[in-house]
Each structure stands twice: as structure tokens, then as C-alpha cells.
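One structure below.
Keep in mind it's a predicted model, so treat the numbers as computed, not measured.
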Amino acid sequence: MMQTTSDANAQLVSTFRSLAGNGQFLPVDQLFPADLSALFPDDYAQREEGMEAGVPGIRSFLDTLKAGFPDIQGRVDDVVAQGDRLVVRMTWQGTHTGPFMGVAPTGQQVHYGRIEIWRMREGKLAEHWGEYDLYGLLRQLGAVPALPS
């Protein structure tokens, strides 16, 4: 029996929900395998500012993240799905032992939140928008001052 787009999307949502139900931090390589073709189509559209287009952009972003935070781990906190959209709220944590965004290693343990919005197509993540707490992350690294109280 051929799997419908709706079935394939439901399976992808189920995968994210199982990660959320796990409640544990997972290494980035468990969240995003080396072969990204199982998750992303060739015409994947990246809509996040500052990220390189397509699947190479995902790999480049993950490599940059791992260079700055070799022990980086993510936890899926919430998943909301409707139609062809999947929204995932995540928490990331790691130790800053490599250069990241021009900031020399600090040895600082950091954590920050991230919101991902994905458009699904035929069981793959076809389009992406993302926002993360860059200010909070850079503040933890001492790269920007805290806001006055």
C-alpha cells in the first residue's frame, strides 16, 4: 500500500512527538543524522536569516554549532502540528569550548531556547523558519551586557 502525504506527515509529527515525550537532551547527531536526505528533500527551502540555503545550509549550521559547543544537545519540549505545518519548541545546552560567532571559547555552560516552524511535504521537512534566543546565548558567553533592571 502506498503511503499518502498525510500519512507520511503524520509519521514525521509522531517522530518529533516521541522526542518530546522522551524529555531528555539528545546529541545533535541523534536529532539530525549525517545523511539528511531522509529528513529533507533536495529542494528544501531555508527561510532563517543568516543561514545558507538548502541542505548544505543545515549541515553548515550544525557544523558551526558543534565547533563552538562540541557537547551540544537538544531537547524537544513541545510539538504542535496542523495541516502541513509543524512547530517545535526546543531547548539547547552545551559547553562553549570552541569559537562561535566570533566569540573565543569561554568554557561557559549555556542553554537557550529555539522555536522551529517547518512546512512538511510527503513526510519530509520541506521549508523552515527558526528563531532562537541569540541575545540570551551571547549574554551567557559575556559577548553582550545584561539589560539594565
Side-chain angles (χ1 to χ4, degrees), residues 9-121 123-149:
N9 288 351
Q11 185 163 350
L12 186 59
V13 170
S14 177
T15 299
F16 273 98
R17 286 198 172 131
S18 69
L19 290 173
N22 173 331
Q24 297 178 356
F25 282 93
L26 297 173
V28 71
D29 291 337
Q30 286 184 12
L31 294 169
F32 295 96
D35 178 10
L36 294 173
S37 65
L39 287 176
F40 302 96
D42 292 338
D43 63 348
Y44 166 74
Q46 177 58 260
R47 307 292 185 211
E48 186 168 342
E49 185 178 341
M51 282 186 70
E52 182 183 338
V55 173
I58 298 168
R59 181 56 56 207
S60 176
F61 172 76
L62 294 174
D63 289 347
T64 298
L65 193 60
K66 285 183 65 176
F69 306 90
D71 63 346
I72 192 78
Q73 296 186 335
R75 179 185 70 216
V76 176
D77 298 312
D78 286 308
V79 178
V80 178
Q82 183 173 358
D84 68 348
R85 302 297 165 143
L86 174 65
V87 179
V88 180
R89 183 177 65 87
M90 298 185 72
T91 301
W92 291 89
Q93 69 178 19
T95 310
H96 184 222
T97 58
F100 182 74
M101 297 183 79
V103 179
T106 63
Q108 183 69 34
Q109 176 76 28
V110 300
H111 67 279
Y112 65 95
R114 185 165 174 82
I115 304 287
E116 309 275 348
I117 302 173
W118 304 92
R119 183 178 59 79
M120 301 175 289
R121 185 181 73 230
K124 292 190 177 188
L125 301 168
E127 191 170 10
H128 171 262
W129 300 263
E131 297 288 336
Y132 66 104
D133 182 10
L134 180 59
Y135 169 77
L137 175 58
L138 292 176
R139 184 179 47 76
Q140 291 174 70
L141 299 178
V144 297
L147 292 173
S149 35

Once salt bridge (charged side-chain N to carboxylate O under 4.0 Å, His left out) is applied, what residue pairs with a partner in residues 17-41 remain, sequence neighbours excluded? Asp29-Lys66

Sort and list the pairs that fulfil salt bridge (charged side-chain N to carboxylate O under 4.0 Å, His left out) and have at least one residue in residues 87-97, not counting sequence neighbours. Asp77-Arg89, Asp78-Arg89

A quick test of your reading: do over 12 heavy atoms of other residues, nucleotides or ligands sit less than 6.0 Å from CD of Glu131? no

Given Ile115 and Val87, is the side-chain contact (heavy atoms from CB on, under 4.5 Å) satisfied, shown in steps? CA-CA 7 Å; Ile115 304 287; Val87 179; 4.2 Å; yes

To the nearest 0.5 Å, what is the distance between CG (Leu31) and CZ (Phe16)? 8.0 Å

Treating Ser14 as the side-chain partner and Ala10 as the backbone partner, does any N or O pair qualify as donor plus acceptor under 3.5 Å? no

Any side-chain heavy-atom pair from Arg119 and Trp129 closer than 4.5 angstrom? yes

For side-chain contact (heavy atoms from CB on, under 4.5 Å), just list the numbers for Asp133 and Tyr135, CA-CA rounded to whole Å, side-chain angles, deciding distance to a tenth of an Å, and then say yes or no. CA-CA 5 Å; Asp133 182 10; Tyr135 169 77; 4.1 Å; yes

State, to 0.1 Å, how close Ser60 and Glu52 come at their nearest heavy-atom pair, and which atoms those are. CB-OE1, 3.8 Å

What residues form a salt bridge (Lys or Arg N to Asp or Glu O under 4.0 Å) with Glu48, not counting sequence neighbours? Arg114

Shortest non-hydrogen contact from Gly83 toward Met120: O-CE, 3.8 Å

Are the side chains of Leu86 and Asn9 in touch, meaning some heavy atoms are under 4.5 Å apart? no

Hey, can you pull the donor-acceptor pairs under 3.5 Å for the side chains in residues 139-149, sequence neighbours left out?
{"residue": "Gln140", "atom": "OE1", "partner": "His111", "partner atom": "N", "Å": "3.0"}
{"residue": "Gln140", "atom": "NE2", "partner": "His111", "partner atom": "O", "Å": "2.6"}
{"residue": "Gln140", "atom": "NE2", "partner": "Gly136", "partner atom": "O", "Å": "3.2"}

Measure the CZ-CH2 distance between Phe40 and Trp118 for me, rounded to the nearest 0.5 Å. 4.0 Å

If you define the side chain from C-beta out and look only at heavy atoms, does anything of His128 sit under 4.5 Å from Tyr44? yes

Nearest 0.5 angstrom please: Met90 CE to Glu116 CD, how far? 7.0 Å

Which donor-acceptor pairs under 3.5 Å do side chains of residues 92-103 form with protein atoms, sequence neighbours excluded?
{"residue": "Thr95", "atom": "OG1", "partner": "Asp71", "partner atom": "OD2", "Å": "2.8"}
{"residue": "Thr95", "atom": "OG1", "partner": "Gln109", "partner atom": "OE1", "Å": "2.8"}
{"residue": "His96", "atom": "ND1", "partner": "Thr106", "partner atom": "N", "Å": "3.2"}
{"residue": "His96", "atom": "ND1", "partner": "Thr106", "partner atom": "OG1", "Å": "3.0"}
{"residue": "His96", "atom": "NE2", "partner": "Gly98", "partner atom": "O", "Å": "2.9"}
{"residue": "His96", "atom": "NE2", "partner": "Val103", "partner atom": "O", "Å": "3.4"}

Which residue pairs pass the salt bridge (charged side-chain N to carboxylate O under 4.0 Å, His left out) test when at least one of the two sits in residues 36-45, sequence neighbours left out? Asp43-Arg121

Within the 4.5 Å heavy-atom criterion, are Arg75 and Phe25 side-chain neighbours or not? yes

Rounded to the nearest 0.5 Å, what separates atom CG in Leu39 from atom OG1 in Thr15? 8.5 Å

Where do Tyr112 and Leu137 come nearest, in terms of heavy atoms and distance? CD2-CD1, 3.8 Å

